[in-house]
Amino acid sequence: MYPALPYRGLISVGATRQASSYSFVYPPSIIMIGILINCIAGIFLVLTGGLVIVLVLTIQQQQRHRPRRKIQMAMTDTRANSLCLKTQLLHQLNGDNRAATRLLNHAKQQNPGRSETWYLEKVIFDLERDRH
């Protein structure tokens, strides 16, 4: 077995060691390159982890907002439909608001727990049925 030869550059290592120990000293430029590569790899890992966190939070935020938009659109459609049905009911009653209110209240008493749209459709259906 040959004793390891120390690097005799910028790093000074004492005399050669015993024959049984194998040691090697890297030059400073290689050590600095290794440190730099490790630093770059660490920064890359931290940035990748941050990017994953941002993506997950963005996806969660988008999923939270989607149902609200659908509900708001459905509510808008229901309101527009309800307004259309009220106009149709008033047209059938020749603009008589008292009669429309009375018929709606009667339908609500006879069928509790229904939606406003259902009551409007019921009253309009009953009026059309009774007229024909």
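These numbers come from the heavy atoms of this one structure, side chains and all, not from hydrogens, waters or symmetry mates.
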Report, one line per pair, each donor and acceptor closer than 3.5 Å where one atom sits in a side chain of residues 103-114; sequence neighbours left out.
residue : atom : partner : partner atom : Å
N105    : ND2  : T101    : O            : 3.3
K108    : NZ   : E116    : OE1          : 3.3

Per-pair distances, 0.1 Å, donor-acceptor, side chain in residues 34-50, under 3.5 Å, sequence neighbours excluded:
residue : atom : partner : partner atom : Å
N38     : ND2  : G34     : O            : 3.3
T48     : OG1  : F44     : O            : 2.7

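Using a 4.5 Å cut-off between side-chain heavy atoms of Ile, Leu, Val, Met, Phe, Trp and Tyr, with links allowed through other members, Y119 and L90 fall into different hydrophobic clusters. Using a 4.5 Å cut-off between side-chain heavy atoms of Ile, Leu, Val, Met, Phe, Trp and Tyr, with links allowed through other members, L85 and L83 fall into different hydrophobic clusters.
For R98, the CZ atom counts as loosely surrounded, since its 6.0 Å shell holds 12 or fewer non-hydrogen atoms of other residues, nucleotides or ligands.
Here the side chains of H91 and T87 are not in contact, with every heavy-atom distance at 4.5 Å or above. Put simply, the side chain of N81 does not reach to within 4.5 Å of the side chain of L120, judged on heavy atoms.
Expressed to the nearest 0.5 Å, how far CD of E121 lies from OG of S115 amounts to 7.5 Å. Atom NZ of residue K122 and atom CD1 of residue I124 lie 12.5 Å apart, to the nearest 0.5 angstrom.
Between E128 and Q88, the closest heavy-atom pair is OE2-NE2, 3.8 Å. Here the closest non-hydrogen pair linking T117 and S82 is OG1-CB, 4.4 Å.
The side chain to side chain contact (heavy atoms under 4.5 Å, CB included) check on R129 picks up F125, D126, with sequence neighbours excluded.
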